[in-house]
Amino acid sequence: MDNATIRRKEMAWMKSIGIKGIKVDFFGGDKQVTMKLYEDILTDANDFGIMVIFHGCTLPRGWERMYSNFASSEAVLASENLHFGQKSCDNEAINAATHTFIRNTVGSMDFGGSALNKFYNSDNIANKGSKRMTSDVFALATSVLFQSGVQHFALAPNNLHDAPDWAIKFMKEVPTVWDEVRFLDGYPGRYVLLARRKGAKWYIAGINAESKTLRTKLKLDMFSSGTAVNSYTDDDQLNGKVNALKINKNKEIEIKIPRNGGIVIIN
């Protein structure tokens, strides 16, 4: 990618076989020559109709306004670290409740999504690799909390038969581009509740990183009284389920999120 002649030749070939996007890794530093390389890659890729995600990279600095083909940047200790070590798993909820406030305010974040395996190995068996401490609902909630032009979920073959049907269905339908965002409640590193809208559909998502269960009331003025919604919630053991309910006349809803758990409400 750092040689213009070779780069454009490769991009022309990729366009010829129908490739629509590339993920470019790994950039060593923020020197002027490196920053120029980012923009050269985006410029050339745009000539060939190719979207770009940067991995192992610096924070994006306005590129989504400058280049229509810029999709996202990693620029964060992303989901791959959950596989690399247990400490990242232990801190996943704290980090997620922080990234929403500090990383995503800068620009699109390619976190990579969270897997539905309980254990980070291809067989989903205990005592092999790191153990996920968060819930399936937590994983779904982060796809709403974390904004990225291309949203990823990590699936292992076993997830096709051992993951909840409602989780797989959610992954297929959740938007990646939003029309409106509203901050509802939260504190960096502790918990966050956020609402995003796509068309007429709202996604209210939350996660809890505190040691105690989060209990609070949400005022959901975006819904009319009596609006039917689906609520994805966790019990105290982080087992998820989906319930249908209606917004009351006060447009309020009581929520409960256990530690390392999540919630998603969709109309």
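This one's a predicted model, so the numbers in the text were calculated from it and none came from an experiment.
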Test side chain to side chain contact (heavy atoms under 4.5 Å, CB included) on K246 and V229 and set out the steps. CA-CA 6 Å; K246 290 187 177 181; V229 297; over 6 Å; no

Under 4.5 Å between any side-chain heavy atoms of K31 and T34, yes or no? yes

Less than 4.5 Å apart, any side-chain heavy atom of F119 and any of N124? yes

Tell me if a side-chain donor or acceptor on S16 pairs with a main-chain N or O of W13 at a distance below 3.5 Å. yes

Over all heavy atoms of both residues, which pair between F146 and N104 is shortest? Give the atoms and the distance, please. CA-OD1, 3.1 Å

Does T227 use its side chain to pair, donor to acceptor, with the backbone of F223 at less than 3.5 Å? no

With a 3.5 Å cut-off and no angle check, do the side chains of D234 and S135 form a donor-acceptor pair? yes

Heavy-atom side-chain contact between T58 and M35 under 4.5 Å: yes

Against M11, only a single residue in D47, I19, I22 fulfils side-chain contact (heavy atoms from CB on, under 4.5 Å); can you say which? I22

So, does S72 use its side chain to make a donor-acceptor pair with the main chain of I53 at under 3.5 Å? no

Count the heavy atoms belonging to other residues, nucleotides or ligands that lie under 6.0 Å from CD of E254, then report whether that count exceeds 12. no

Determine whether a donor-acceptor pair (N or O, by modelled atom type, separation under 3.5 Å) exists between the side chain of N91 and the backbone of N95. no

Got a donor-acceptor contact below 3.5 angstrom from the K219 side chain to the N250 backbone? yes

Determine the sole option in D185, N208, T100, T216 for which the side chain to side chain donor-acceptor pair (under 3.5 Å) test with Y191 is passed. D185

Sub-4.5 Å side-chain heavy-atom contact between L184 and L220: yes

Output the distance between atom CE (M133) and atom CG (L238), rounded to the nearest 0.5 Å. 8.5 Å

Evaluate the side chain to side chain contact (heavy atoms under 4.5 Å, CB included) criterion for residues K241 and W166: first the C-alpha distance (whole Å), next the side-chain angles of each, then the deciding distance (0.1 Å), finally the verdict. CA-CA 8 Å; K241 63 179 180 180; W166 47 262; 5.5 Å; no

Quick one: do F48 and N46 satisfy side chain to side chain contact (heavy atoms under 4.5 Å, CB included)? Show the steps, please. CA-CA 5 Å; F48 296 97; N46 195 50; over 6 Å; no

CZ of R259 to CG of D236: how many Å apart, nearest 0.5 Å? 13.0 Å

Any donor-acceptor pair under 3.5 Å from N230 side chain to V264 backbone: no

I need the minimum non-hydrogen distance between S143 and F170, along with the two atoms involved. OG-CE2, 3.5 Å

Can M14 be reached from I41 by stepping across I, L, V, M, F, W or Y side chains whose heavy atoms are under 4.5 Å apart? yes

Would you call the rings of W63 and Y38 parallel, tilted or perpendicular, taking 30° and 60° as the class edges? tilted

Close side-chain approach of F84 to S130, heavy-atom, < 4.5 Å: no

Neighbour count above 12 (heavy atom, 6.0 Å) for N3 CG: yes

Report whether L218 and Y232 are members of the same hydrophobic cluster (ILVMFWY, side-chain heavy atoms less than 4.5 Å apart, transitive linking). no

Could you walk me through whether S225 and K251 satisfy the side chain to side chain contact (heavy atoms under 4.5 Å, CB included) test, starting with their C-alpha distance in whole Å, then the side-chain angles of each, then the deciding distance to 0.1 Å, before giving a yes or no? CA-CA 6 Å; S225 298; K251 301 181 182 179; 4.0 Å; yes

Does atom CG (N243) have a neighbourhood of more than 12 heavy atoms from anything else shown, all under 6.0 Å? yes

Any sub-3.5 Å donor-acceptor pair from N81's side-chain atoms to A78's backbone N or O? yes

Any luck finding a side-chain donor-acceptor pair between N117 and N158 under 3.5 Å? yes

Report, as yes or no, whether the 6.0 Å neighbourhood of atom NZ on K131 holds more than 12 heavy atoms from other residues, nucleotides or ligands. no

Atom CZ of R132 and atom NE2 of H83: how far apart are they, to the nearest 0.5 Å? 15.0 Å

Can you list the residues that meet the ring pair (Phe, Tyr, Trp, His ring centres under 6.0 Å) rule with F101, with sequence neighbours excluded? F183

Set out, in order, the CA-CA distance, both residues' side-chain angles and the distance that settles salt bridge (charged side-chain N to carboxylate O under 4.0 Å, His left out) for D40 and K36, then state yes or no. CA-CA 6 Å; D40 288 346; K36 182 177 183 298; 2.8 Å; yes

Are F153 and V137 connected into the same hydrophobic cluster when the rule is that any two of I, L, V, M, F, W, Y join if their side-chain heavy atoms are below 4.5 Å apart? yes

Greater than 12 external heavy atoms within 6.0 Å of H55's NE2: yes

Residue pair A163 / I168: nearest heavy atoms and the distance that separates them: CB-CD1, 4.0 Å

Taking Q147 for the side chain and T105 for the main chain, is one N or O donor matched with an acceptor at less than 3.5 Å? no

I need the single residue from L193, I253, I247 that forms a side-chain contact (heavy atoms from CB on, under 4.5 Å) with I265. Which is it? I253

Going by the angle between their ring planes, with limits at 30° and 60°, are H99 and F111 parallel, tilted or perpendicular? tilted

Contact check, side chains of K23 and H152, non-hydrogen atoms, under 4.5 Å: yes

Does any N or O in the side chain of D44 come within less than 3.5 Å of the main-chain N or O of R8, such that one atom is a donor and the other an acceptor? no

Would a single hydrophobic cluster contain both Y187 and I94, if residues Ile, Leu, Val, Met, Phe, Trp and Tyr are joined by side-chain heavy-atom contacts under 4.5 Å? no

So, T176 side chain and V150 main chain: donor-acceptor pair closer than 3.5 Å or not? no

Donor + acceptor pair across side chains of N260, T134 (<3.5 Å): no

Is the shortest side-chain heavy-atom distance between E92 and F138 below 4.5 Å? yes

Between D123 and K128, does a salt bridge (charged side-chain N to carboxylate O under 4.0 Å, His left out) hold up when you go through it step by step? CA-CA 9 Å; D123 301 312; K128 183 180 178 182; 3.4 Å; yes

With a 3.5 Å cut-off and no angle check, do the side chains of D90 and Q86 form a donor-acceptor pair? yes

Could you pull out the closest heavy-atom pair between S88 and L82, with the gap in Å? O-CD2, 3.5 Å

Of the non-hydrogen atoms in I263 and A141, which two are nearest, and what is the gap between them? O-CB, 3.9 Å

Note, L140 side chain near M171 side chain (heavy atom, < 4.5 Å): yes

What one should report as the nearest heavy-atom pair of A97 and R190 is CB-N, 3.9 Å

Here the gap from K256 atom NZ to R215 atom CZ, rounded to the nearest 0.5 Å, amounts to 5.0 Å

Mind checking the CG-CG spacing from D2 to L37? Nearest 0.5 Å is all I need. 6.5 Å

Report whether I17 and M51 are members of the same hydrophobic cluster (ILVMFWY, side-chain heavy atoms less than 4.5 Å apart, transitive linking). no

Quick one: side-chain hydrogen bond (donor to acceptor under 3.5 Å, both in side chains) pairs with a partner in residues 192-205, sequence neighbours left out? E180-R197

